[in-house]
Amino acid sequence: MTRRKEVFEPAEPGHVRIYACGVTPYAEAHIGHARPALLWSVIRKYLQWRGFRVTLVQNFTDVDDKIIQRARERGEDPLALAARYAEQYLDAMRRLGVEEADHYPRVSQHIREIVEMIRVLEQKGFAYAVDGDVFFDVTRFPDYGKLSGQRLEELMAGTRFETDERKRNPMDFALWKAAKPGEPSWDSPWGPGRPGWHIECSAMSLAYLGNGFDFHGGGMDLVFPHHENEIAQSEAYTGQPPFVRFWVHNGLVKMGAEKMSKSLGNVVGIDELLERHPAALIRFLLLNTHYRSPLEFSDQALAEARRGWQRLNGAFVELKAFLRERGADGAPEAEPDRAGLDEAGLRFLASVNETPARFDASMADDFNTPVAIAVLFDLARETNGFRQHLLRRARGVQRAELAVLQRALAVFERLGGWLLGILDERAAAGAGESAQLLGGVMELLLEVRQEARARKDWATADRIRDRLRELGIIVEDTPTGSRWKLAEDATAPGAANRGSGTDA
RNA sequence: GGCGCAGUAGCCAAGGGGCUAAGGCGGGAGUCUGCAAAACUCCUAUUCGGCGGUUCGAGUCCGCCCUGCGCCUCCA
């Protein structure tokens, strides 16, 4: 509430309570929705990694003007339509690798709590009923405007739209709307009707998390009036501010210079994106910009992100393959034997060891995921360098050195894989029957090519590589054999597989 | 009109009073290699939209201005 960064300690020791504004499910989910969902799932994992218990609640506003309108256009039941799109959203999130929240409360399931809250607000004199509608009287709440930095007088003066003349003040907002014919409605002390826009988040967050919970999230576009109104009605209701300790507002995803939004019709669906790109890449793109900054989405941005991501993910995939080839891709040994390490090994060990602390420091500073990713880039560079060092050295790889590499792999898996979800070995491997078949065929082809190379039959070896390149498959030779991957422009899910090759 | 957010290298993007302004992409020069690619090494911002001010010291704080965006009506 200070509009600044502060040192965080949860209100309830060891337990962090979070409410993230979810979606109004009336159309296909787009990446603008993915950003906050991803952000909160990552924050939750980070806090869990730090040892906190986390309760994450994300609502579905399934009673709403747009849903009703859409349902009417299609001759469908509004709640059924909302339920369908909510499922679509959850499925898209799942495929993006976003873990489910602890609760997904829906407005339609919490009418009782909402009505009760409005009743108390009316009783306390913060709300008034007119012809079956109930409004919140903003003049009764002196702090109104504290979140968005606006003053009531200015808001009143700046009113440029027609207001309902039954309101006492232009800025008063609806808590309850009287039923209109054909709309879903519920009984209430003011007659049949449905909740206004802001009240559901107050009622449901208080029901699931209690007053004074730690974080409340949502897009920048919700600061005013949605969150401002939530504060007003919630603090008026409980009489014990603060309703929320920290507000976390994510920047919007833009298309070119404009906001991506359903009403502008310039959205990029998550489903559509996931058909063409690995989830890990999309996550990388989204997390490589700090959550508060706006993010311009475009094919060029995606292509550039892909180039960086491939080096990072490649370091991880290659490290894993390196260890697997030596039968050492299992759990790391307790402590690498320092006596078995040369200078480069000791330096690499030090880097590996300091990575978690550096990562932690980045995330602890306002969830700075771009800096956290930069820490992983550092580790990637050093891992590649150390592997190269080992291969160029005449001597074989020592046990202590494998132990350090194992430790590096564990760091990658924990922070880049589990926590951020931007590293994925399979991302790459492709999925499904055709990918498997392709893998088999490629193995055979690389075997034949390897035989040609052994004979120094460069013409044949190059022909195989060049023709595959034309087909969108890149072949790379390494000291330990050849590997292949799909080119960026290939349509199938990317691949990065190891061919058999001859092993060193 | 009011309020809010942002403007950092060719591009993306951290940093929010004081070590040489992170990291990525792109570019340049090397190393390795049958070649190619990948990877690695080095280089690529005396300067942070503009002008003033505060301070021993300012991308960083304050004021004004310019530009872009968001909100004030449904939006993550």
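Residue numbers start from 1 in every chain, and the chains themselves are labelled A, B, ... in the order their sequence lines are given, proteins ahead of strands. Keep in mind it's a predicted model, so treat the numbers as computed, not measured.
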Checklist entry - Touch check for A/L252, heavy atoms < 4.0 angstrom, all strands: base, sugar-phosphate only, or nothing? => result base

Checklist entry - Rounding to a whole Å, what distance do you find between A/E296:CD and B/rC12:P? => result 8 Å

Item to check | Set of salt bridge (Lys or Arg N to Asp or Glu O under 4.0 Å) partners for A/E470, sequence neighbours left out | outcome: A/R467

Next on the checklist: How many whole angstroms separate atom CG of A/N288 from atom C1' of B/rG24?
Outcome noted: 7 Å

Next on the checklist: Just to be sure I understand the rule, does A/K456 reach a base, reach only the sugar-phosphate, or reach nothing, if contact means heavy atoms closer than 4.0 Å?
Outcome noted: nothing

Checklist entry - Do A/E304 side-chain and B/rG24 base share a donor-acceptor contact under 3.5 Å? => result yes

Checklist entry - Would the A/Y85 and A/F60 ring centres measure less than 6.0 Å apart? => result no

Item to check | Helical stems, RNA chain B - three or more consecutive Watson-Crick or G-U wobble pairs below 3.5 Å | outcome: B:1-7 with B:66-72, B:10-12 with B:23-25, B:26-31 with B:39-44, B:49-53 with B:61-65

Checklist entry - To the nearest Å, how far apart are A/N250 CG and B/rG70 C1'? => result 13 Å

Checklist entry - Under 4.0 Å between a side-chain N or O of A/S293 and OP1 or OP2 of B/rC5? => result no

Checklist entry - Can any side-chain N or O of A/D62 pair as donor or acceptor with the backbone N or O of A/S108 at less than 3.5 Å? => result yes

Next on the checklist: When the C1' atoms of B/rA14 and B/rU60 are compared, how many Å lie between them, rounded to an integer?
Outcome noted: 13 Å

Next on the checklist: Could you tell me how far apart A/Y291 (OH) and B/rC5 (C1') are, to the nearest whole angstrom?
Outcome noted: 13 Å

Item to check | C1' atoms of B/rC42 and B/rG17, separation to the nearest Å | outcome: 33 Å

Checklist entry - Would you find a donor on one side and an acceptor on the other, under 3.5 Å apart, between the side chain of A/H33 and the backbone of A/H30? => result yes

Next on the checklist: Using the P atom as the point on both nucleotides, what is the distance between B/rG18 and B/rU44, in whole Å?
Outcome noted: 24 Å

Next on the checklist: Roughly how many Å apart are B/rC3 and B/rU8, using the P atom of each and rounding to a whole number?
Outcome noted: 25 Å

Next on the checklist: Checking understanding here: a glycosidic angle within 90° of 0 is syn, the rest anti, so what is B/rG59?
Outcome noted: syn

Checklist entry - RNA chain B: A/I373 or A/K254, which has the more 5' nearest nucleotide? => result A/I373

Checklist entry - Along nucleotides 31-41 of chain B, 5' to 3', which nucleotides get a B, which get an S, and which get a -, given that the test is a protein heavy-atom distance under 4.0 Å? => result BS-BBBBSBSS

Checklist entry - Atom CG of A/D366 and atom C1' of B/rA14: how far apart are they, to the nearest Å? => result 12 Å

Item to check | Inter-nucleotide C1' distance (B/rC69, B/rA21), Å rounded | outcome: 26 Å

Checklist entry - Base, sugar-phosphate alone, or nothing: which one does A/G32 contact when heavy atoms must sit under 4.0 Å apart? => result base

Checklist entry - Heavy atoms under 4.0 Å, any strand shown: does A/V223 hit a base, just sugar-phosphate, or nothing? => result nothing

Item to check | A/F377 side-chain proximity, nearest of B/rA76, B/rG23, B/rA14 | outcome: B/rG23

Next on the checklist: Need one value for A/T24: base, sugar-phosphate or nothing, where a base atom within 4.0 Å counts as base even if backbone is also close, heavy atoms only.
Outcome noted: sugar-phosphate

Next on the checklist: Please give the distance between the P atoms of B/rA36 and B/rC19 as a whole number of Å.
Outcome noted: 44 Å

Checklist entry - Which part of the nucleic acid, if any, lies within contact of A/G314, taking any heavy atom under 4.0 Å across all strands shown: a base, the sugar-phosphate backbone alone, or nothing? => result nothing

Next on the checklist: So does A/N169 get a backbone contact from the side chain of A/D172, meaning a donor-acceptor N/O pair under 3.5 Å?
Outcome noted: yes

Checklist entry - Under 3.5 Å, side chain of A/R449 to main-chain N/O of A/A461, donor-acceptor pair present? => result yes

Checklist entry - Do any N or O atoms from the side chain of A/D137 and from the backbone of A/T139 form a donor-acceptor pair under 3.5 angstrom? => result yes

Checklist entry - In whole angstrom, what separates A/N313's CG from B/rG23's C1'? => result 17 Å

Item to check | Distance in angstrom units between A/M220 CE and B/rC69 C1', rounded | outcome: 11 Å

Next on the checklist: Between B/rA37 and B/rA29, how far apart are the two P atoms, rounded to whole Å?
Outcome noted: 13 Å

Checklist entry - Under a 90° cut-off about 0 for the syn range, is B/rG30 syn or anti? => result anti

Next on the checklist: Taking the minimum atom-to-atom distance to the side chain of A/K259, which one of B/rA76, B/rC71, B/rC69 wins?
Outcome noted: B/rC71

Checklist entry - Aromatic ring centroids of A/H198 and A/H227 under 6.0 Å? => result no

Next on the checklist: Please check this pair: side chain of A/D366 against backbone of A/N368, looking for a donor-acceptor N/O pair closer than 3.5 Å.
Outcome noted: no

Checklist entry - In whole Å, what is the span from the CZ atom of A/F224 to the P atom of B/rA76? => result 17 Å

Item to check | Test item: A/R283 side-chain N/O and A/G97 main-chain N/O as donor-acceptor pair under 3.5 Å | outcome: yes

Checklist entry - Between A/F213 and A/F243, is the gap from one ring center to the other below 6.0 Å? => result yes

Next on the checklist: Using the C1' atom as the point on both nucleotides, what is the distance between B/rG10 and B/rA76, in whole Å?
Outcome noted: 33 Å

Next on the checklist: When you measure from the side chain of A/R326 to the backbone of A/F322, do you find a donor-acceptor pair of N or O atoms at a distance under 3.5 Å?
Outcome noted: yes

